[in-house]
Number of protein chains: 2
Amino acid sequence: MSKQELVVLGQDESGCCPTLLTAPLDQEQAVELAKMFKALGDPVRLRLLSMIASREGGEICVCDLTPAFDLSQPTISHHLKLLRQAGLIDCERRGTWVYYWLLPGTIDKLAGVLTRSGRPATSEASA
Amino acid sequence: MSKQELVVLGQDESGCCPTLLTAPLDQEQAVELAKMFKALGDPVRLRLLSMIASREGGEICVCDLTPAFDLSQPTISHHLKLLRQAGLIDCERRGTWVYYWLLPGTIDKLAGVLTRSGRPATSEASA
DNA sequence: AGGCTGTTTTGATGTTTCTCTATGCAAGCT
DNA sequence: AGCTTGCATAGAGAAACATCAAAACAGCCT
């Protein structure tokens, strides 16, 4: 059930600072990262990810996700699949139900790639 | 020239922890964030952003961006427009040339939204 | 076995996105 | 003024995406 993830970009060879803001990305890295950001580029998937990530206990049943949206159940399933293919979440069937949880490594990678060095990286972004 | 930016999501009312990973996103926030992530969901735009952000001096001329790609000049211009509409960059014409620079606030916001609390948020994501 | 519930897959359809060529506009130069 | 260069916009075609209904699949429970 947890096949088709994404090979996660071999960063950090240089010792520090995952790049994007510090050095030009090469084509291959850009393609890799774009897949993950694209997965975040949809309101439904963002909300799904948010619901999964913020769930106490770390995992959530599909049956708890679906009713939160005005979308058909197959559509939700499709979005979950895309998040999974992006390496952001994983799932497991337990009896009748399927449970999803966050894969923190991928999120951390994306956060790191967007983080300018020497910042607390939480709030203070008042734009 | 710097019209049509994006109103940046009024986060952080609660004092800390910009959400996404800590509490379910509501529809409006998700739509807002998705626009920005969608802008990052393309390899060309990621590379453009990376070239702009990492440029010493903080800004770069379009004439230095275009030749780095196997794409037509209007296509690059189009991607730059999308990045600008997402509030990630801004630009100004100076004489013959147009210069682009990063808007750090938006990047910081996205990084913050993806950052799990209590993490250095740079490397260590070896997935 | 047969039926029921929860989830994924398939196939179809309308919309969005990426890319190009052609055109337009702005600024400098002769 | 007219030409040239740098960049943006307009319009069009192909590919990718979001969504749904229908069908398939996986575990229960009689």
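Within every chain, numbering begins at 1; the chains are lettered A, B, ... in the order of the sequence lines, protein sequences first and strands thereafter.
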Sugar-phosphate only, base, or nothing, as touched by B:Phe69 at under 4.0 Å among non-hydrogen atoms: nothing
Touch class at under 4.0 angstrom, heavy-atom based, for A:Tyr100 against every strand present: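 A:Tyr100: backbone/sugar contact only, no base atoms under 4.0 Å.
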Under 4.0 Å protein heavy-atom contacts per nucleotide of nucleotides 24-30 of chain D, with B for base, S for backbone only and - for none: --SSS--
Per-nucleotide protein contact string for nucleotides 12-23 of chain D (B base, S sugar-phosphate only, - none; heavy atom under 4.0 Å): -----SSBBBB-
Can you tell me how far [atom2] of [N] sits from [atom1] of [X], to the nearest Å?
| X | N | atom1 | atom2 | result |
| --- | --- | --- | --- | --- |
| B:Arg84 | D:dC7 | CZ | P | 14 Å |
| A:Ile89 | C:dT7 | CD1 | C1' | 14 Å |
| B:Glu92 | C:dA26 | CD | P | 16 Å |
| B:Ile76 | C:dC18 | CD1 | C1' | 11 Å |

Verify same cluster id: A:Phe69, A:Tyr100 (apolar side-chain graph, 4.5 Å): yes
Nearest-0.5 Å distance that lies between atom CG in B:Leu40 and atom CG in A:Leu110: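 B:Leu40 CG to A:Leu110 CG: 9.5 Å, rounded to 0.5 Å.
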Separation between CG of B:Asp26 and CD of B:Glu32, rounded to the nearest 0.5 Å: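 Separation between the atoms: 10.5 Å.
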Near-strand residues of residues 47-63 of chain A, defined as heavy-atom separation under 4.0 angstrom from DNA chain D: none
Check whether any side-chain N or O of [X] sits under 3.5 Å from a backbone N or O of [Y] as a donor-acceptor pair, and report yes or no.
| X | Y | result |
| --- | --- | --- |
| B:Arg93 | B:Gly95 | yes |
| B:Thr66 | B:Val62 | yes |
| B:Arg45 | A:Ala34 | no |
| B:Ser50 | A:Ala23 | yes |

Minimum heavy-atom distance B:Ala86-B:Thr106, with the two atoms named: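 The pair with the smallest heavy-atom distance is O-CG2, 3.9 Å.
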B:Lys38 versus A:Gly41, closest heavy-atom pair with distance: CE-O, 3.1 Å
Passing candidate, side chain to side chain contact (heavy atoms under 4.5 Å, CB included) with A:Leu83, options A:Leu88, A:Leu46, A:Val44: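 Between A:Leu83 and the candidates, side chain to side chain contact (heavy atoms under 4.5 Å, CB included) is satisfied uniquely by A:Leu88.
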Flag side-chain contact, heavy atom, 4.5 Å: B:Ile89 against B:Leu48: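 A side-chain contact is absent here, since even the closest heavy-atom pair is not under 4.5 Å.
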